[in-house]
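Below is one structure, written out as structure tokens; comments come after it.
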Amino acid sequence: MAMTAANGILKHHSKQKSDVKVNGYHKKTQKNGLGNGVASRLPRHEPFEQAPMYVAVMTYLGFGLVTLFGYFRDFLRAVGLEKCHVAQERPEQKDFVPLYQDFENFYTRNLYMRVRDNWNRPICSLPGPMFDLMERVSDDYNWTFRFTGKTIPNVINTGSYNYLGFAENNVDFLKTVAEKTQQYGVGVCSTRQEIANLSLHQELEQLVANFLGVESSMTFGMGFATNSMNIPALVGKGCLILSDELNHTSLILGARLSGATIRVFKHNNMHSLEKMLREAICSGQPRTHRPWKKILIMVEGIYSMEGSVVRLPEIIALKKKYRAYLYLDEAHSIGAVGPTGRGVTELFNVNTADVDIMMGTFTKSFGACGGYIAGKKVLVDYLRRHSHSAVYATAMSPPVTEQVIRAMKCIMGKDGGNEGMRRVRQLAENTRYFRARLKEMGFIIYGNDDSPVVPILLYMPGKVVAFAREMLERKIGVVVVGFPATPITEARARFCLSAAHTRDMLDQVLHHLNEVGDLLCLKFSRRRHAPRRDLYDETDYEIDG
């Protein structure tokens, strides 16, 4: 019964237009993009430059070497020559199924523990563009840490998702948040379905719908659960999910919980997606070959590890051609891209009605927590009754709700000023400036020129560790990511830019990046980029008061 209702909610009313060819692309193509005026909004080509062959060889050798030492140390532990610090089952449990997978446990004790000091660093200040770190040391090779009582002050924060700088403690900006805290308290201790449906929640949902240009929206207290708990309410057994191979874990978990069939297409590859769509239409479900109840395409606006932007106009063309449905996760793109911060639909100048389910979070650009689902009113009304995240989860706390409202009003200019637009433009300026300088230095970086997520490829495991430690010595806080979170040959440092970063901060980060890049030999790019002047001038913009 529920699946029948969901089918009715997601039914397409739009028909395929006459300007789409057999392969799903527009006839009126332009040199650099699709037709219908979309070309001017298409982001530039996203480079995924490959490192020289010797880098891949050295990377595999590095992992092989630490793995061999890991087995040697396990031997030393087995014979009692080295103390084993890892948690173990009691002797009487030796016949039990192990709590951990064998290699997972091996990886943790022999590889991760050696470099654990580069993660989970405790912060003791506001996590804005700069923060203070608590100094800690280890006496047993990172198995345990102890605090020295000192702090590392004024570390430049390049790892936070604080895209628009709303993670702040400005008294004037936070005045309404303080007032709502005094009025409503800090928690509601109930679900929206029972006694926690505040007027604040309804105001936020209407504001989100207006901001996105859709009929309706609903909000949730946790961004991860917005995906994982709502996807099972939309699709189930007999449905097909086509998921980008680089989708976030929350999307993957939601797809698995739904019970639908999942097929993965290559990242941002329209040929791979269309091939799967064509096969799904022609072959139907396995064994029975009955038509799929629904085909749902799941993509992200900005991919948080690659910094790449979804090819939205082409995906919309394909979904219309094959009458599929589109689920767009804008966790990293809402507020961060587009002339007025309205995400990838604005960046590409596409109609929001062409996206069936618009999802986003408040944890990045809005300096809060939670998420939203937006679209047609019938879709949102259905989710209010059937989403586990709506029925069972505690409602958003009043201070968090008010924080999202005040940030969104600031972006929309409804607070009477132009601070929101200034931040959106500052983020765009910082993004292009930072990316252009990194290319000039010779680093291999991934992603789109409009993406504030900037991955720098480091490759070798030893260099990943050395990079993080060298940057912290220079008071630059960075996030480094390696296997298994990335492919084994694509370890990286991920920089997240913010409107709160000043030009002096960025220049300081770039200066130290240049030094560390030379010191550790991290400039693997074989492309040469001519130095260019600053990409933006403060006088380029006229901001209406």
Side-chain angles (χ1 to χ4, degrees), residues 1-12 218 220 222-270 272-301 303 310 315-316 318-331 354-360 371-376 378-393:
M1 184 69 178
M3 292 306 301
T4 304
N7 272 311
I9 290 164
L10 291 178
K11 185 177 180 181
H12 276 293
M218 67 180 299
F220 306 88
M222 182 180 179
F224 190 98
T226 305
N227 277 330
S228 60
M229 293 290 101
N230 282 295
I231 294 173
L234 296 172
V235 291
K237 189 175 181 180
C239 299
L240 174 65
I241 294 176
L242 300 180
S243 176
D244 190 291
E245 66 178 343
L246 296 183
N247 275 343
H248 189 261
T249 305
S250 59
L251 290 168
I252 297 171
L253 178 60
R256 289 175 177 173
L257 291 175
S258 71
T261 301
I262 306 170
R263 292 176 184 165
V264 179
F265 64 91
K266 295 178 181 179
H267 175 56
N268 256 349
N269 189 313
M270 296 303 103
S272 176
L273 175 58
E274 184 169 19
K275 180 181 178 182
M276 290 187 178
L277 283 167
R278 187 184 297 115
E279 181 181 346
I281 297 297
C282 295
S283 302
Q285 299 183 43
R287 293 189 299 274
T288 65
H289 299 291
R290 292 178 180 176
W292 295 100
K293 294 178 181 179
K294 286 192 291 286
I295 299 176
L296 181 65
I297 304 170
M298 291 198 318
V299 294
E300 295 186 47
Y303 292 85
V310 64
I315 289 179
I316 289 176
L318 288 176
K319 83 117 185 172
K320 286 182 176 181
K321 175 183 177 182
Y322 293 98
R323 299 186 179 276
Y325 308 109
L326 179 57
Y327 188 108
L328 175 62
D329 180 341
E330 288 211 83
D354 291 332
V355 181
D356 301 284
I357 305 105
M358 299 184 69
M359 178 270 174
Y372 66 82
I373 292 284
K376 294 187 180 298
V378 64
L379 165 71
V380 174
D381 289 345
Y382 172 80
L383 288 176
R384 290 189 196 280
R385 298 190 300 273
H386 295 90
S387 166
H388 287 179
S389 191
V391 176
Y392 299 110

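Fair warning: this is a prediction, and the values are worked out from it, not measured in the lab. Note: hydrogens, waters and symmetry copies are ignored here, and every other heavy atom, side chains too, is used.
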If we ignore hydrogens and angles and just use 3.5 Å, is the side chain of Asn247 paired with the main-chain N or O of Met298 as donor and acceptor?
yes
Under 3.5 Å: donor-acceptor pair, side chain of Ser389, backbone of Met229:
no
Value rounded to 0.5 Å, distance of [atom1] in [X] from [atom2] in [Y]:
X: Ile373; Y: Leu234; atom1: CD1; atom2: CG; result: 7.0 Å
X: Ile262; Y: Leu240; atom1: CD1; atom2: CG; result: 9.5 Å
X: Glu300; Y: Leu246; atom1: CD; atom2: CG; result: 8.5 Å
X: Tyr325; Y: Lys319; atom1: OH; atom2: NZ; result: 9.0 Å
X: Ser228; Y: His388; atom1: OG; atom2: NE2; result: 11.0 Å
X: Leu318; Y: Met270; atom1: CG; atom2: CE; result: 6.5 Å

Does any part of the side chain of [Y], heavy atoms only, come nearer than 4.5 Å to the side chain of [X], both counted from C-beta?
X: Phe265; Y: Val299; value: yes
X: Asp244; Y: Leu273; value: no
X: Ile295; Y: Tyr322; value: no
X: Leu242; Y: Leu277; value: yes
X: Thr226; Y: Met359; value: yes
X: Leu326; Y: Ile315; value: yes
X: Asp356; Y: Leu296; value: no
X: Phe224; Y: Leu253; value: yes

For [X] and [Y], work out which heavy atoms get closest and say how close.
X: Ile297; Y: Ala324; result: CD1-CB, 4.1 Å
X: Leu383; Y: Met218; result: CB-SD, 3.6 Å
X: Ala233; Y: His386; result: CB-O, 4.0 Å
X: Lys293; Y: Gln285; result: N-NE2, 4.5 Å
X: Phe220; Y: Ser387; result: CE2-OG, 3.9 Å
X: Cys239; Y: Ala260; result: O-CB, 3.4 Å

Under the salt bridge (charged side-chain N to carboxylate O under 4.0 Å, His left out) test, residues paired with Arg256 that sit two or more places apart:
none
Name all residues meeting the ring-ring contact (aromatic ring centres under 6.0 Å, His included) criterion together with Tyr303; count only those two or more places apart in sequence or in a different chain, and write none if there are none.
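Applying ring-ring contact (aromatic ring centres under 6.0 Å, His included) to Tyr303 gives His267.
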Verdict with reasoning, Ser258 to Ile241, per side chain to side chain contact (heavy atoms under 4.5 Å, CB included):
CA-CA 10 Å; Ser258 71; Ile241 294 176; 3.8 Å; yes
For Ser250, all residues meeting side chain to side chain donor-acceptor pair (under 3.5 Å), sequence neighbours excluded:
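Per chain and number, Ser250 pairs via side chain to side chain donor-acceptor pair (under 3.5 Å) with Asn227, His248.
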Given the rule in the salt bridge (Lys or Arg N to Asp or Glu O under 4.0 Å) test, do Glu274 and Arg278 qualify, once you have shown the distances and angles that lead to the verdict?
CA-CA 6 Å; Glu274 184 169 19; Arg278 187 184 297 115; 3.6 Å; yes
